[in-house]
Amino acid sequence: MVQRHEQPTELELLIKIRGIKKFFGDKAVHDGIDLDIYRGEVLTLMGGSGTGKSVLLRSLIGLEHPDQGSIFFGNKDICVLSEQQLIDVRKRIAYVFQYGALFDSLTVKENLAYPLRAHTQLSEEEIHHRVVSTLSKVGLEKSIDLLPSDLSGGMQRRVGVARSIILEPEVILYDEPTTGLDPYNTRQILNIILQLKDHGVTSVLVTHDMHAIFSVTDRVAFLKDGKIRALGTAKEIEHMKDPVLQGFISGESW
Ligand SMILES: Nc1ncnc2c1ncn2[C@@H]1O[C@H](COP(=O)(O)OP(=O)(O)OP(=O)(O)O)[C@@H](O)[C@H]1O
Ligand SMILES: [Mg+2]
């Protein structure tokens, strides 16, 4: 069973989102978003389809560019960094692609070694050790020499998570990490999020999976009409009296 972990008492502000506005055509997907993300927390972005959760997540690593506002990571505003400067940010903030996005022709080991070869000076031996230890975190050390096509969808997803954490990022962004997974693989992914949290890693999650939200999340931000309509601990969100929020949680309305 997945255990809930308590929020650390000393909070360190890690990412500061201020006044984000994003338009596609004349439609405002984000209409003034302010949000603080603290080191070591698990924060879930929750909201109906098309409310801009994925766009917000991608904005955190400069894959989307807000039309207004800032996203401070330390003293840098991610929104104004060049592609070159974003390379450093993306070593510290990892993005887990929904379906793993593995290289089909490379073994699991080579898929995981890829970012290490690109971004570190580690020796082949060190790379091997890092690959094995990271795979063991997702319970897949025995699959090291297999190709992605030899793995189930859930295992591929876990290899994708392993590849995202192999550079030991401070923040991990997950867009619907458990969508479509069976209970076993879902639990494995949620356990990884909690294990990383124990090591001080921050996770930002987009999910429709209420069990995931209420079992691993410290705080929830509920997006509606381009704004954060509700923000609180999972427990607070569960008990807030906002009918729109409760309608969403119960599945009665978007
Ligand atoms: N590149 C784009 N061009 C035009 N519109 C876009 C683009 N990317 C996103 N949108 C629009 O922005 C809105 C928010 O998209 P986003 O993918 O963030 O939604 P979401 O909250 O993640 O939804 P879901 O739960 O369905 O994944 C949607 O209306 C979408 O159609
Ligand atoms: Mg989405």
Side-chain angles (χ1 to χ4, degrees), residues 15 17-37 42-71 73 78-81 83 86 89-90 93-102 153-154 156-157 160-161 164 171-181 185-186 189-190 193 202-217 219-232 234 237-238 240 242 244-254:
I15 297 176
I17 301 174
R18 288 294 178 273
I20 287 292
K21 292 197 179 183
K22 175 73 179 172
F23 297 87
F24 288 112
D26 55 5
K27 183 175 172 244
V29 172
H30 297 144
D31 189 18
I33 293 199
D34 299 318
L35 182 63
D36 291 337
I37 301 171
V42 180
L43 174 75
T44 294
L45 304 176
M46 184 175 88
S49 186
T51 51
K53 305 177 300 294
S54 296
V55 170
L56 186 58
L57 206 63
R58 290 204 300 269
S59 300
L60 296 178
I61 45 164
L63 288 174
E64 296 276 358
H65 302 282
D67 296 301
Q68 276 183 43
S70 305
I71 300 175
F73 180 49
I78 287 170
C79 301
V80 300
L81 296 183
E83 276 301 312
L86 283 169
V89 169
R90 289 176 189 152
I93 306 181
Y95 183 93
V96 177
F97 288 90
Q98 188 166 353
Y99 295 107
L102 303 173
Q156 288 181 17
R157 202 88 73 90
V161 172
S164 298
V171 185
I172 307 183
L173 312 176
Y174 302 83
D175 201 346
E176 306 200 20
T178 60
T179 300
L181 290 186
N185 278 297
T186 296
I189 300 260
L190 298 181
I193 294 170
T202 308
S203 294
V204 185
L205 221 66
V206 170
T207 183
H208 294 283
D209 177 346
M210 290 298 158
H211 171 74
I213 292 176
F214 293 113
S215 62
V216 303
T217 303
R219 292 193 307 149
V220 180
F222 176 57
L223 275 74
K224 175 83 183 163
D225 299 331
K227 296 192 163 60
I228 293 183
R229 183 177 174 115
L231 176 68
I237 286 283
E238 214 175 349
M240 269 180 202
D242 177 0
V244 174
L245 171 65
Q246 293 311 332
F248 178 82
I249 291 175
S250 67
E252 279 159 26
S253 61
W254 280 114

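Whatever order the structure lists ligands and atoms in, that order sets their numbers, starting from 1.
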- Note on the structure: Nearest non-hydrogen protein atom to atom 15 (O) of ligand 1, with distance, is V55 CG2, 3.9 Å
- Task: Indicate yes or no: at least one non-hydrogen side-chain atom of L173 is less than 4.5 angstrom from one of I61.
- Result: yes
- atom 26 (O) of ligand 1 - nearest protein heavy atom and its distance: S49 OG, 2.5 Å
- Message: Could you check whether K21 makes a cation-pi contact with F23, meaning its NZ or CZ is under 6.0 Å from the centre of the six-membered ring and within 45° of the ring axis?
- Response: no
- Query: With atoms numbered from 1 as shown, which atoms in ligand 1 lie under 4.0 angstrom from a non-hydrogen atom of G48?
  - Reply: 21 (O)
- Test T217 against T44 for side-chain hydrogen bond (donor to acceptor under 3.5 Å, both in side chains), laying out the working first. CA-CA 6 Å; T217 303; T44 294; 2.7 Å; yes
- Query: Is there a side-chain contact (heavy atoms from CB on, under 4.5 Å) between D175 and Y95 once you walk through the steps?
  - Reply: CA-CA 8 Å; D175 201 346; Y95 183 93; 3.8 Å; yes
- Query: T51 side chain to G48 main-chain N or O, any donor-acceptor pair under 3.5 Å?
  - Reply: yes
- Any N or O on F24 sitting closer than 3.5 Å to an N or O of ligand 1? no
- K27 N/O under 3.5 Å from ligand 1 N/O: yes
- G50 N/O under 3.5 Å from ligand 1 N/O: yes
- Message: Any protein heavy atom at under 4.0 Å, with atom 4 (C) of ligand 1 as the reference point?
- Response: yes
- Can you check whether V29 has an N/O within less than 3.5 Å of an N/O in ligand 1? no
- Item | Polar atom proximity, T51 to ligand 1 (N or O, under 3.5 Å) | yes
- Message: If I take every N, O or S atom of S54, is at least one of them less than 2.8 Å from the Mg ion (ligand 2)?
- Response: yes
- Task: Identify, by atom number and element, the atoms of ligand 1 in contact range of H208, meaning under 4.0 Å from any of its heavy atoms.
- Result: 25 (O)
- Task: Looking only at non-hydrogen atoms, find the nearest pair between Q246 and I237 and report the distance.
- Result: NE2-O, 3.2 Å
- Which residue holds the protein heavy atom closest to atom 25 (O) of ligand 1, what is that atom called, and what is the gap in Å? K53 NZ, 2.7 Å
